[in-house]
Asker: 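Before I ask anything, let me first share the structure, which is written out below as structure tokens.
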Amino acid sequence: MDPGFEADFREFVIDRSGALFRTAYLLTGDRHAAEDLMQSALTKTAVKWRNLRDPAAIEGYVRRVMYHEQVSWWRRRSRVAEVSTRPG
């Protein structure tokens, strides 16, 4: 990552991590899952950071990534949980 972009990203994370964590917690209901969700979303955002043009829209982008990640995790868990109990 370019040093200028890295500094901007780091500043964003420092400034907004509290609010983003609260959103992640509301999505997951669990502190540890919220931390994982937030890290995953911030990692995906860091990859796209150079392409994000509107500073006012960045937080919304991260929240949208968190939402989609949580839905994906939820779907994976629900698929794994399906076990036939019918004999035979």
Side-chain angles (χ1 to χ4, degrees):
M1 183 182 273
D2 183 289
F5 288 111
E6 186 176 341
D8 290 343
F9 179 73
R10 184 174 289 136
E11 183 179 330
F12 170 76
V13 171
I14 290 168
D15 290 345
R16 302 306 304 155
S17 63
L20 292 171
F21 178 78
R22 286 188 294 275
T23 299
Y25 184 80
L26 288 172
L27 289 169
T28 63
D30 178 71
R31 176 179 168 77
H32 300 291
E35 290 171 354
D36 291 343
L37 180 62
M38 192 171 94
Q39 282 184 341
S40 177
L42 288 173
T43 300
K44 289 183 178 195
T45 303
V47 170
K48 299 285 186 181
W49 189 259
R50 183 181 308 257
N51 299 329
L52 299 172
R53 303 280 183 230
D54 184 7
I58 293 172
E59 188 169 346
Y61 177 83
V62 177
R63 290 174 192 269
R64 188 175 60 210
V65 170
M66 283 195 293
Y67 168 77
H68 288 286
E69 277 292 300
Q70 179 60 22
V71 168
S72 293
W73 290 353
W74 175 78
R75 285 182 178 156
R76 266 181 270 159
R77 278 192 309 247
S78 67
R79 249 185 288 155
V80 172
E82 291 180 15
V83 177
S84 175
T85 58
R86 188 184 334 164

Asker: Nearest 0.5 Å, what's the OH-CG distance between Y25 and L27?
Answerer: 12.0 Å
Asker: Could you measure the distance from the CG atom of D15 to the CD atom of E59? Nearest 0.5 Å is fine.
Answerer: 10.0 Å
Asker: So does V47 get a backbone contact from the side chain of R50, meaning a donor-acceptor N/O pair under 3.5 Å?
Answerer: no
Asker: What's the shortest heavy-atom distance between M66 and M38, and which atoms?
Answerer: SD-CA, 4.2 Å
Asker: At what distance, to the nearest 0.5 angstrom, does CG of D8 lie from CG of L52?
Answerer: 11.5 Å
Asker: Could you report the tightest heavy-atom contact between A34 and A24, atom names first, then the distance?
Answerer: O-CB, 3.5 Å
Asker: Roughly how far, to the nearest 0.5 Å, is the CG atom of L37 from the CG atom of L42?
Answerer: 9.5 Å
Asker: Who passes side-chain contact (heavy atoms from CB on, under 4.5 Å) against R22, sequence neighbours left out?
Answerer: A19
Asker: Before you tell me yes or no, could you show the steps for D54 and Y61 under side-chain contact (heavy atoms from CB on, under 4.5 Å), namely the whole-Å CA-CA distance, both residues' side-chain angles and the distance that decides it to 0.1 Å?
Answerer: CA-CA 10 Å; D54 184 7; Y61 177 83; over 6 Å; no
Asker: Going by side-chain hydrogen bond (donor to acceptor under 3.5 Å, both in side chains), name the residues that satisfy it together with S40, two or more places apart in sequence or in a different chain.
Answerer: E69
Asker: Under 30°, 30 to 60°, or over 60°: which ring-plane class applies to W49 and F9, parallel, tilted or perpendicular?
Answerer: perpendicular
